[in-house]
Amino acid sequence: MNCINIVKGTKNDFKRLSVIWENAVKATHDFLDNEDFVYYQSRITDYFDMVDIYVYKNENGKTIGFMGISDSMVEMLFVDAAFRGCGVGRKLLGYAIDNLNVYKLDVNEQNTQALDFYIHMGFRIIGRSPTDNEGKPYPLLHLHYITE
């Protein structure tokens with residue numbers, strides 16, 4: 001898989017990543033109430049600091065997607081809403097699997113678009129938690145990539 005558009009992110013990317021996070025969440029997380037959206041938004045750069053960031057840049061050098069990796073797990077994967085359906089998420093996830101040997105991730109149970117995408121990409125549900133990592137009432141599904 002040719003992933004020359006994926007590079008390690010830095011703190012200098014955080015402002016753009018925050019914009020991508022916001023528009024991606026608004027496009028895919030309709031289950032999230034506004035109070036919780038504001039809560040997560042106020043902490044997003046702290047979350048970025050907790051992971052290794054990989055950014056996907058388009059042919060013009062603009063960052064249009066990113067993922068955060070920690071402890072052999074995809075902790076976050078977001079694509080700019082304007083570029084959804086263009087293969088950015090597939091390339092980022094493929095990079096994680098092929099280059100970083102990362103085979104685990106969690107997804108909000110209510111985010112059916114993401115769940116369908118991950119299952120299409122070869123992940124399978126191996127568990128469930130009734131709340132997210134902040135203890136909020138957004139169940140998480142634990143997924144693992146199944147190699148054949």
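Looking at heavy atoms from C-beta onward, K57 lies in side-chain contact with V7 at the 4.5 angstrom threshold. Annotation: side chain of R124 is not in contact with side chain of H144 (no heavy-atom distance under 4.5 Å). Contact of the L100 side chain with the M67 side chain is registered, since non-hydrogen atoms from C-beta on lie closer than 4.5 Å. For the pair F123/I146, no side-chain contact is recorded, criterion being any heavy-atom separation below 4.5 Å from C-beta on. You'll find the side chain of I64 stays beyond 4.5 Å of the side chain of V79, heavy atoms only. You'll find the side chain of T45 reaches within 4.5 Å of the side chain of S18, heavy atoms only. D106 places none of its side-chain heavy atoms less than 4.5 Å from the side chain of L141. Side chains of I69 and E75 form no contact here, defined as non-hydrogen atoms less than 4.5 Å apart.
For residues 31-56, the salt bridge (charged side-chain N to carboxylate O under 4.0 Å, His left out) pairs, not counting sequence neighbours, are K8-D52, K11-D49, D36-K136.
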Chi angles and distances behind the side chain to side chain contact (heavy atoms under 4.5 Å, CB included) call for H142, S129: CA-CA 8 Å; H142 311 296; S129 297; 2.6 Å; yes

Side chain to side chain contact (heavy atoms under 4.5 Å, CB included) evaluation trace for L77 with L105: CA-CA 10 Å; L77 192 156; L105 59 85; over 6 Å; no

Report the C-alpha separation of K104 and Y145 in whole Å, then their side-chain angles, then the decisive distance to 0.1 Å, and conclude whether the side chain to side chain contact (heavy atoms under 4.5 Å, CB included) test is met. CA-CA 6 Å; K104 299 181 296 183; Y145 182 72; over 6 Å; no

So I6 and L92, side chain to side chain contact (heavy atoms under 4.5 Å, CB included) or not? Walk me through it. CA-CA 7 Å; I6 298 173; L92 283 165; 4.0 Å; yes

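Remark: the backbone N or O of N60 is paired with a side-chain donor or acceptor of N58 at under 3.5 angstrom. Listed for the N23 side chain is a donor-acceptor partner under 3.5 Å among the backbone atoms of A81. Remark: side-chain polar atoms of D13 are paired, donor with acceptor, to backbone N or O of T10 under 3.5 angstrom.
Contact between G68 and I53 at its shortest, heavy atoms only, is CA-CD1, 4.3 Å. Taking each heavy atom of A27 and Q113 in turn, the nearest pair found is O-NE2, 4.2 Å. Taking both residues in full, the closest heavy atoms of V55 and G9 are given as CG1-CA, 4.2 Å, listed atom of the first, atom of the second, then distance. Minimum interatomic distance between A24 and F78 (heavy atoms only, all atoms of both residues): CB-CD2, 3.9 Å. Contact between T63 and L17 at its shortest, heavy atoms only, is CG2-CD2, 3.9 Å.
In summary, the aromatic rings of Y118 and H120 are positioned with their centroids too far apart to meet the 6.0 Å limit. Between F66 and Y56, the distance separating the two ring centers is not shorter than 6.0 angstrom.
In this structure F83 satisfies the ring-ring contact (aromatic ring centres under 6.0 Å, His included) test with no other residue, sequence neighbours excluded.
Note: the hydrophobic cluster containing L93 also contains I119 (ILVMFWY, side chain heavy atoms under 4.5 Å, direct or indirect links). Hydrophobic clustering (ILVMFWY, side-chain heavy atoms < 4.5 Å, transitive): M73 and Y54 are in distinct clusters. Y138 and L140 fall into different hydrophobic clusters, where Ile, Leu, Val, Met, Phe, Trp and Tyr side chains are chained together by heavy-atom contacts under 4.5 Å. In the hydrophobic clustering of this structure, V51 does not group with V19; members are Ile, Leu, Val, Met, Phe, Trp, Tyr whose side-chain heavy atoms approach within less than 4.5 Å, directly or through other members. The hydrophobic clustering, which links ILVMFWY residues whose side-chain heavy atoms are closer than 4.5 Å, places I125 and V107 together.
The ring pair (Phe, Tyr, Trp, His ring centres under 6.0 Å) test with W21 is passed by exactly one of F48, F14, F37: F37.
Looking only at atom types and distance, the side chain of E134 has no donor-acceptor partner in the side chain of Y40 under 3.5 Å away.
Separation of atoms NE2 (H29) and CD (Q110) is listed at 9.0 Å; rounding is to 0.5 Å. To the nearest 0.5 Å, atom OH of residue Y103 and atom CG of residue L143 are 15.5 Å apart.
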